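For clarity, every value in this text was computed on a predicted model and none was experimentally measured.
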Amino acid sequence: MSFKTRRSAGDGKFGEYGGQYVPEVLMPALEELTDAYERYVLSNEDGFMDELRERLRDFGGRPTPLGRADRLSERYDTEVYLKREDLLHGGAHKLNNALGQVLLAKYMGKERIVAETGAGQHGTATAMAAAHLDMPCEVYMGRTDINRQRPNVFRMRLNGAEVNPVTVGRGTLKEAISETMRDWAMTVENTHYVIGSVVGPHPFPSMVREFHAVISREARQQFDEQVGGLPDAVLACAGGGSNTMGTFDAFLDDDSVSLYAVEAGGSGLGVNDETGVAPNSASLSTGTDGVLHGARTKILQDPDGQIVESHSVSAGLDYAGVGPQLAHLVDTGRVSPVNVDDNAALAGFHRLSNTEGVIPALETAHAFGFIEENHEDLGDRVVVNVSGRGDKDLETVIEETASHDIENAPDMDVFERMGGL
Amino acid sequence: MSFKTRRSAGDGKFGEYGGQYVPEVLMPALEELTDAYERYVLSNEDGFMDELRERLRDFGGRPTPLGRADRLSERYDTEVYLKREDLLHGGAHKLNNALGQVLLAKYMGKERIVAETGAGQHGTATAMAAAHLDMPCEVYMGRTDINRQRPNVFRMRLNGAEVNPVTVGRGTLKEAISETMRDWAMTVENTHYVIGSVVGPHPFPSMVREFHAVISREARQQFDEQVGGLPDAVLACAGGGSNTMGTFDAFLDDDSVSLYAVEAGGSGLGVNDETGVAPNSASLSTGTDGVLHGARTKILQDPDGQIVESHSVSAGLDYAGVGPQLAHLVDTGRVSPVNVDDNAALAGFHRLSNTEGVIPALETAHAFGFIEENHEDLGDRVVVNVSGRGDKDLETVIEETASHDIENAPDMDVFERMGGL
Amino acid sequence: MSLESAFGDDPAFVPYLAAGDPSIEASKAYVEALDRGGADVIELGLPFSEPIAEGPTIQAAVVRALQAGMTPPRYLEFVRDLNVETPLVCMTYYNLIYQYRDESDRGGPDAFVHAAADAGVEGFVVPDLPVEEADPMRAACDDAGVDLVSIVAPTTGDDRLERLLAISSGYVYVQARLGVTGAKDDVSGRTAETLARLREYDTTLPKAVGFGIRTGDHAERIVGAGADGVIVGSALVDIVAKGAETEKPTDAVAEQLADLARELKAGALQGRMAVEPERK
Amino acid sequence: MSLESAFGDDPAFVPYLAAGDPSIEASKAYVEALDRGGADVIELGLPFSEPIAEGPTIQAAVVRALQAGMTPPRYLEFVRDLNVETPLVCMTYYNLIYQYRDESDRGGPDAFVHAAADAGVEGFVVPDLPVEEADPMRAACDDAGVDLVSIVAPTTGDDRLERLLAISSGYVYVQARLGVTGAKDDVSGRTAETLARLREYDTTLPKAVGFGIRTGDHAERIVGAGADGVIVGSALVDIVAKGAETEKPTDAVAEQLADLARELKAGALQGRMAVEPERK
Ligand SMILES: Cc1ncc(COP(=O)(O)O)c(C=O)c1O
Ligand SMILES: Cc1ncc(COP(=O)(O)O)c(C=O)c1O
């Protein structure tokens with residue numbers, strides 16, 4: 001099948017992955033959603049896609065640019081191009097999906113939105129979309145993530161959303177998703193759950209990918225117009241995998257283009273048997289086949305099948321699962337799963353900031369950690385998706401840079417002396 | 001003269017305003033700059049403007065969208081359109097000028113950049129442009145502004161710029177400009193001073209306006225394409241006046257379009273004789289003819305001619321002067337000077353955030369304070385320039401909202417209990 | 001004794017506890033107390049780290065049980081060691097079943113279902129396994145001769161209901177209300193509605209209602225609305241939780257559990273008398 | 001005595017102080033001390049809130065003077081009250097001149113220049129008034145019969161130099177180095193260069209060098225390079241600042257000022273002897 005023309009939602013399976021492992025109470029809503037996805041999104045019923053495209057342009061700021069990174073290109077002797085999703089309204093690629101889903105909820109006659117958020121980027125994007133489209137919105141966010149992404153908590157509140165802290169477990173994205181599913185199980189009749197990545201039960205992985213596919217459609221065309229032809233490699237960081245799938249989608253059939261999903265290596269690969277914690281979020285690289293949050297996919301689990309706590313310096317990658325389609329693309333060899341650790345990501349953050357004048361999200365920074373070490377293997381022309389901007393991460397960067405001794409960073413003492421942000 | 005085709009830098013006078021009131025040591029640099037401005041900017045020598053346009057597109061994210069504010073339009077029974085400069089890279093209109101000037105400095109063979117900053121938006125834009133174009137950069141910023149715009153201080157450092165605190169006087173934009181002029185007087189031979197607004201000696205007011213004119217050129221065309229014809233009114237907040245002039249420029253010859261420059265009314269108009277402080281920054285509304293920072297214009301001064309300290313809740317408007325061309329346009333009646341106070345600006349901030357899903361800069365918020373009170377007088381179709389995003393202002397908003405009891409704001413206690421941002 | 005036949009003439013009382021909550025030992029005593037309290041079927045939770053269908057009460061129980069070291073192998077041991085007459089249903093999430101490996105390295109539903117059946121489990125409830133994904137589990141249960149209980153929700157439409165009933169065995173778990181498990185203070189109006197709809201289908205499966213039943217009075221009204229049994233989890237788990245918090249002796253907690261069990265059972269009987277007075 | 005003739009055969013010593021620093025009274029005593037110390041011309045600053053051409057030392061002096069209540073009207077009074085022989089030059093920024101209103105509500109350069117001339121001022125240095133903007137001021141000075149001193153910077157090219165010399169009167173203020181006022185510890189190489197360039201022009205105007213001169217030795221070398229006078233500000237203001245900080249008696253500070261003045265004056269003379277030994 002060509003990846004470019006879809007008219008059906010399919011069966012929700014990507015090889016062995018995918019599916020709908022959710023409580024019965026949600027199944028009718030998933031059927032309704034699948035139907036709405038096929039009609040409005042895939043068939044543009046009632047001009048849904050026209051309206052979405054217009055709003056993404058006028059409210060979101062699409063198309064986002066593709067620009068050459070002059071100094072990195074020189075540094076690596078490789079043409080490096082940046083796809084600038086950090087310029088999308090809200091500061092990350094997340095709005096593509098959030099606006100799509102909130103608009104879809106409106107077309108479906110829903111009256112309320114719930115969402116989970118990790119880094120807070122999906123939460124802010126959803127809150128913005130909900131404000132824009134006049135929908136009440138509640139966002140579940142883990143306590144740990146609330147602490148490390150405070151500006152985003154505040155932004156959601158400003159946009160009129162309620163932010164519900166989740167205190168279960170480690171209080172990160174995994175727990176927030178579980179908690180949002182619980183809310184949805186209660187409110188499913190009038191509420192739409194705007195899931196934040198290509199994860200969860202069918203039709204979410206397909207639908208979220210479809211909303212983000214605009215990234216690669218634009219990038220592919222921009223590259224051809226501005227540079228000519230196709231890039232040799234395309235890189236995107238992967239947590240749940242929404243920006244990854246969005247960045248890869250239009251290139252999937254282009255066999256000459258290598259696709260790299262860069263995961264968070266955290267402070268080390270593997271699972272610490274003692275603590276039961278994976279000091280990383282590299283489910284594509286180190287996870288195993290299992291069922292989490294409604295889908296079969298690659299997950300971080302112990303031998304019994306208990307989900308382990310993941311870790312990453314970037315809240316948005318800190319998740320024990322990954323989208324089922326991405327897991328499948330890794331199994332078939334189409335996508336290469338790679339990862340870099342926290343320190344390399346921090347160094348990548350500082351490098352992009354001070355050589356290109358683009359302050360990336362810590363999630364995005366992983367891709368720049370990877371290119372630093374591997375540029376010789378990536379061919380002559382590389383596109384990297386800048387999935388978000390780093391404003392939300394300033395506090396974390398100050399702390400982590402000071403405590404980790406990152407070579408290319410500016411002196412952090414100044415800010416510590418100022419008493420932080 | 002038509003405002004649309006310029007080939008000469010002119011004489012730097014706008015009626016009685018403008019000129020070059022600077023130390024002799026800087027005059028040769030201004031002559032050189034005027035020459036470079038005419039050649040590169042106005043005559044596109046060596047393809048300067050082509051390169052700038054390309055970089056503004058690929059690095060900056062131009063064009064920025066013009067989008068309808070659905071809920072405000074309903075609220076006011078007036079079609080309200082938002083020109084989204086908040087989506088420009090860096091989060092404000094400032095990059096138009098910063099990138100233009102840093103690129104120009106490069107074409108002129110300069111080796112170093114200095115800039116002043118108030119809100120930190122011009123400083124971050126300049127730091128980003130300098131990183132992007134590989135130019136060393138130092139930014140002067142008042143101590144008060146450093147305290148109220150910390151994220152921006154940090155962003156400048158991340159982009160590799162030095163941030164020099166200015167402790168003279170109240171430590172805001174006025175002092176920062178003076179201090180940057182002093183640096184420039186020392187380093188003028190290899191350094192370009194990237195001034196941050198349409199202020200200062202000729203050719204800065206013309207040149208900075210020219211770099212920002214892209215805002216109104218786009219908006220005028222977008223309005224015509226998306227809505228048809230011309231708007232009845234165009235609004236922009238005014239501090240120094242760069243986004244104002246950029247937003248007005250292409251409409252200057254359209255007599256049917258009313259132009260409103262919205263200043264910061266602070267906590268009250270007029271000058272407090274006891275403290276010698278103007279609790280506002282409304283130089284167009286309340287200032288008088290004088291000479292400040294190299295130009296004759298409307299300024300806030302005491303009867304002797306001493307410049308008084310201005311005040312605004314928004315650092316970027318907190319300035320005792322204003323661009324000479326804008327002062328002239330006010331005198332001729334083409335531009336209406338209006339102002340709203342801190343509280344109305346805060347209410348405007350919250351209103352736009354929770355009804356439209358756009359969190360504006362506190363500077364921008366003034367324009368939304370104005371439209372709330374005056375929408376009935378603005379005609380049927382209004383364009384407001386969203387000059388920047390509010391991420392930099394979160395801390396100030398938390399504090400000010402809690403202490404000022406703004407009706408439409410979310411409960412701030414939550415954040416105070418969290419210990420702020 | 002098969003599950004279906006555990007639902008006899010009298011309405012069934014089906015309690016739920018998480019195995020290993022708050023410790024393996026205490027948990028054993030609690031399950032046995034329910035047996036004494038008149039349970040007709042016992043749903044015994046095998047704790048999973050992401051219990052998406054559970055409310056705060058059972059989530060907390062799951063956390064306690066995991067901390068007490070409960071794992072799938074230990075669960076099977078636990079079941080084997082139990083001294084109860086009542087048929088046991090294993091309630092867990094699919095990933096634990098899917099990941100299971102037995103000694104001969106056979107894996108997945110097939111391996112787990114057989115191992116559980118060997119240990120004495122007579123049926124399964126898997127809240128995150130809708131009919132669409134249930135085939136492998138259904139096949140394993142058939143092969144092992146145990147039941148796979150389907151959950152019917154208030155949102156389940158007629159088309160789905162048909163498919164659900166077609167694959168369910170043992171009984172049908174009727175979810176009383178929207179949401180997740182958790183003891184509420186009222187009886188949902190939607191329960192009667194779902195039960196009425198179920199009556200229109202030609203099925204012999206008993207209908208046990210769960211989600212939000214906490215008192216004898218609730219049980220009475222649910223049975224009065226036509227249920228064949230009541231499933232009670234959070235209200236019982238609350239007793240376990242309080243016991244764990246206050247470090248109450250296991251015996252005392254067990255006695256409280258048995259007491260509540262008796263109240264619920266009595267309530268259910270009461271309810272049945274209201275609908276079918278002639279039968280007594 | 002006109003300004004130009006204040007530059008006699010001997011090199012001139014031109015001190016600067018901010019009027020009103022740190023108080024009106026003390027400031028008066030200090031100016032008079034400089035007179036005693038051999039000043040040939042005194043540049044007396046009228047403090048402006050945005051002194052963009054001044055370094056930190058003089059900025060601080062300006063702040064002190066403003067806090068002491070110095071205003072343009074008081075400045076004129078101050079000048080009138082001074083008991084000095086030396087010709088006075090008013091050094092200030094254009095906005096204060098531009099805003100000035102006299103009793104009959106005449107305003108701007110014309111009013112201020114006349115009022116200042118009445119009070120005894122013989123010339124003006126306005127650092128933010130380049131030749132391009134100087135016409136109104138020039139006209140007012142001509143009308144009042146006082147001088148308008150132009151500043152020549154190291155960056156001033158030949159074309160500008162010509163225009164500058166054409167409108168300057170009294171003397172030419174040769175800015176010794178790039179930057180703002182402030183005492184440095186060296187003598188800029190660019191001073192000699194500028195002086196050499198000036199010699200090629202047909203002008204009778206004395207050339208006084210300022211910016212960074214702090215010792216007799218500096219003064220000697222500057223005059224040795226061909227200057228007709230040395231302008232010294234920050235080095236003197238430093239003494240005033242220290243006096244203000246330590247609350248030293250006005251007399252003691254005044255004496256220190258006079259001492260430094262004598263050292264600088266002596267240095268200048270020394271320098272002249274090096275270039276023109278025959279004249280002594
Ligand atoms: C900027 C940014 N990039 C990437 C991600 C990871 O999400 P995904 O893997 O779904 O793209 C996030 C998630 O919060 C994010 O905020
Ligand atoms: C977002 C924003 N808007 C407006 C302004 C005011 O500047 P100007 O009046 O030059 O547009 C600033 C200045 O910092 C700003 O940051």
Checking Y94(C), Y98(C), Y93(C) against F48(C) for ring pair (Phe, Tyr, Trp, His ring centres under 6.0 Å), the one that qualifies is Y93(C)
For the pair R163(C) and D159(C), evaluate salt bridge (charged side-chain N to carboxylate O under 4.0 Å, His left out) and give the outcome as yes or no after the intermediate values. CA-CA 7 Å; R163(C) 291 159 67 204; D159(C) 50 335; 5.6 Å; no
Is R296(A) salt-bridged to D289(A), cutoff N-O under 4.0 Å? yes
Where along residues 301-312 of chain A does a heavy atom come under 4.5 Å of chain C, listed by residue number? Q301(A), P303(A), D304(A), G305(A), Q306(A), I307(A)
Please check if atom CD in E16(A) has more than 12 non-hydrogen atoms from other residues, nucleotides or ligands closer than 6.0 Å. no
Any donor-acceptor pair under 3.5 Å linking the side-chain atoms of Y193(A) with those of E116(A)? yes
Taking NZ, NE, NH1 and NH2 as the nitrogens, is one of them in K174(A) or E50(C) under 4.0 Å from a carboxylate oxygen of the other? yes
Interface moiety of L164(C) toward chain A, non-hydrogen atoms closer than 4.5 Å: side chain
R112(A) versus H192(A): any side-chain heavy-atom pair under 4.5 Å? no
Step by step, work out the side-chain contact (heavy atoms from CB on, under 4.5 Å) result for Y201(C) and L161(C). CA-CA 9 Å; Y201(C) 287 85; L161(C) 203 48; 3.5 Å; yes
Applying a heavy-atom distance below 4.5 Å, give me the residues of residues 67-81 of chain C that approach chain A, sorted by number. T71(C), P72(C), P73(C)
Identify which part of Q59(C) has an atom lying under 4.5 Å from any heavy atom of chain A, answering side chain, backbone, both or neither. side chain
Do the ring planes of Y319(A) and H293(A) sit parallel (below 30°), tilted (30 to 60°) or perpendicular (above 60°)? parallel
Looking only at side chains, do E24(A) and T156(C) share a donor and an acceptor under 3.5 Å apart? yes
Are any of the side-chain heavy atoms of R39(A) and M108(A) separated by less than 4.5 Å? no
Contact part of D183(A) toward chain C, heavy-atom cut-off under 4.5 Å: side chain, backbone, both or neither? neither
Measure I299(A) against the heavy atoms of chain C and call it side chain, backbone, both or neither at under 4.5 Å. side chain
Given the options E133(C), E132(C), R101(C), which has more heavy-atom pairs under 4.5 Å with chain A than any of the others? E133(C)
Show, in sequence, the C-alpha distance, side-chain angles and deciding distance for E189(A) and R190(C), and conclude whether the salt bridge (charged side-chain N to carboxylate O under 4.0 Å, His left out) test is met. CA-CA 13 Å; E189(A) 290 168 312; R190(C) 303 190 67 168; 2.7 Å; yes
